Amino acid sequence: QVQLVESGGGSVQSGGSLRLSCTISPGYMLRSVFVSWFRQAPGKEREGVAVIQPGGSTYCPDSVKGRFTISRDNAENAVYLQMNNLKPEDTAMYYCAAGRRVTGYLLRMGAYNYWGQGTQVTVSS
């Protein structure tokens with residue numbers, strides 16, 4: 001079974017930074033899969049905030065573009081989300097997700113087969 005474990009969440013002030021980590025089961029090679037970060041705040045739908053494709057290309061939606069960066073370390077089998085200039089509206093539970101065959105829009109929840117349990121990010125004003 002593929003397992004993803006998030007870490008790095010916490011509480012920060014507006015304008016601060018956090019770096020989230022997603023460690024993935026050995027043998028699930030990052031060069032062969034899509035890995036994304038999603039977030040969900042209370043009362044809101046889950047939304048994708050970043051994706052890295054098997055070839056290494058990345059995409060972020062306008063809501064976080066310029067502030068969030070997704071990256072990976074193939075040797076460590078880990079994916080990271082660097083979040084800078086955090087805002088209160090970024091407060092949410094953040095999840096990483098992975099899938100082998102992702103087509104169409106790359107931040108659809110249904111495109112991903114494996115999910116972590118989430119790490120909480122809280123940004124105070």
Side-chain angles (χ1 to χ4, degrees):
Q1 191 70 244
V2 176
Q3 186 173 359
L4 294 79
V5 180
E6 302 98 332
S7 63
S11 298
V12 298
Q13 295 180 344
S14 295
S17 298
L18 284 173
R19 178 179 165 92
L20 307 183
S21 298
C22 177
T23 301
I24 302 169
S25 302
Y28 197 72
M29 298 183 180
L30 299 185
R31 292 185 182 92
S32 299
V33 301
F34 297 75
V35 181
S36 292
W37 287 93
F38 291 78
R39 68 184 182 186
Q40 188 167 25
K44 295 185 177 181
E45 295 183 348
R46 190 170 297 187
E47 64 169 342
V49 296
V51 56
I52 185 164
Q53 299 180 239
S57 61
T58 64
Y59 166 79
C60 290
D62 290 342
S63 58
V64 303
K65 190 172 296 182
R67 299 188 297 120
F68 290 13
T69 303
I70 188 170
S71 62
R72 70 188 185 194
D73 186 327
N74 295 328
E76 298 295 327
N77 228 47
V79 174
Y80 307 99
L81 184 67
Q82 179 67 44
M83 304 185 294
N84 297 325
N85 192 24
L86 284 162
K87 305 175 181 179
E89 52 262 43
D90 295 319
T91 295
M93 185 73 74
Y94 283 72
Y95 303 87
C96 62
R100 291 190 182 275
R101 296 179 179 179
V102 178
T103 59
Y105 184 54
L106 300 181
L107 289 174
R108 293 181 297 109
M109 285 184 56
Y112 294 87
N113 300 318
Y114 305 104
W115 293 80
Q117 292 190 326
T119 185
Q120 178 68 40
V121 171
T122 302
V123 185
S124 60
S125 59

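Please read these numbers as outputs of a predicted model, since none were measured by experiment.
- Placement of Val123 and Val49 within a single hydrophobic cluster is found when ILVMFWY residues are connected by side-chain heavy-atom separations under 4.5 Å, directly or transitively.
- Residue Ile70 holds its CD1 atom at 10.0 Å from CD of Gln53, rounded to the nearest 0.5 Å.
- Clustering ILVMFWY residues whenever any of their side-chain heavy atoms sit less than 4.5 angstrom apart, transitively, puts Val79 in a cluster other than the one holding Val102.
- Tyr28 has its side chain out of reach of Leu4: every pair of non-hydrogen atoms, C-beta onward, lies at least 4.5 Å apart.
- Separation of atoms CE (Met93) and CD (Gln117) is listed at 10.0 Å; rounding is to 0.5 Å.
- Nearest approach of Pro61 to Gly48, heavy atoms of both residues: CG-O, 3.4 Å.
- Contact of the Val64 side chain with the Arg39 side chain is registered, since non-hydrogen atoms from C-beta on lie closer than 4.5 Å.
- Note: the hydrophobic cluster containing Tyr112 does not contain Tyr114 (ILVMFWY, side chain heavy atoms under 4.5 Å, direct or indirect links).
- Looking at heavy atoms from C-beta onward, Ser124 lies out of side-chain contact with Thr122 at the 4.5 angstrom threshold.
- Hydrophobic clustering (ILVMFWY, side-chain heavy atoms < 4.5 Å, transitive): Tyr80 and Val5 are in distinct clusters.
- Val35 and Val121 fall within the same hydrophobic cluster, defined by Ile, Leu, Val, Met, Phe, Trp and Tyr side-chain heavy atoms under 4.5 Å apart, directly or through other members.
- Within the 4.5 Å cutoff, the side chain of Met83 has heavy atoms near those of the Leu20 side chain.
- Residue Leu81 holds its CG atom at 9.5 Å from CZ of Arg19, rounded to the nearest 0.5 Å.
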Query raised in the report: After noting the C-alpha distance and the side-chain angles of Arg31 and Asn74, does the key distance pass the side-chain contact (heavy atoms from CB on, under 4.5 Å) rule?
Result: CA-CA 8 Å; Arg31 292 185 182 92; Asn74 295 328; 3.3 Å; yes
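- Using a 30° and 60° split on the angle between ring planes, Phe38 and Trp115 fall in the tilted class, from 30° to 60°.
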**Report entry** Derivation of the side-chain contact (heavy atoms from CB on, under 4.5 Å) call for Thr91 and Gln120
**Finding:** CA-CA 8 Å; Thr91 295; Gln120 178 68 40; 4.1 Å; yes
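- The two residues Lys44 and Gln40 make their nearest non-hydrogen contact at O-NE2, 3.2 Å.
- Looking only at side-chain heavy atoms (C-beta outward), Tyr105 and Val51 stay at 4.5 Å or farther from each other.
- Here OG of Ser32 is found 11.5 Å from CZ of Arg101. Values are rounded to the nearest 0.5 Å.
- Taking CZ of Phe34 as the reference point, atom CZ of Arg100 lies at 12.0 Å (rounded to 0.5 Å).
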Query raised in the report: Would Arg67 and Asp90 satisfy side-chain contact (heavy atoms from CB on, under 4.5 Å), going step by step from the backbone distance to the final call?
Result: CA-CA 11 Å; Arg67 299 188 297 120; Asp90 295 319; 2.7 Å; yes
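- Leu106 places none of its side-chain heavy atoms less than 4.5 Å from the side chain of Ser36.
- Residues Pro88 and Ser125 share a closest heavy-atom pair of CG-CB, 4.0 Å.
- With rounding to the nearest 0.5 angstrom, the CD1 atom of Ile52 is 13.0 Å from the SG atom of Cys96.
- At least one side-chain heavy atom of Asn77 sits under 4.5 Å from a side-chain heavy atom of Leu30.
- A salt bridge links Asp62 with Lys65: the distance from a Lys NZ or Arg NE/NH1/NH2 to an Asp or Glu carboxylate oxygen falls below 4.0 Å.
- What you find for Ser17 and Asn84 is that their closest heavy atoms are OG-OD1, 2.9 Å.
- Checked against the 6.0 Å centroid threshold, Phe68 and Trp37 do not count as a close aromatic pair.
- Under a cut-off of 6.0 angstrom, the local environment of CD in Glu89 is crowded, with over 12 non-hydrogen atoms contributed by other residues, nucleotides or ligands.
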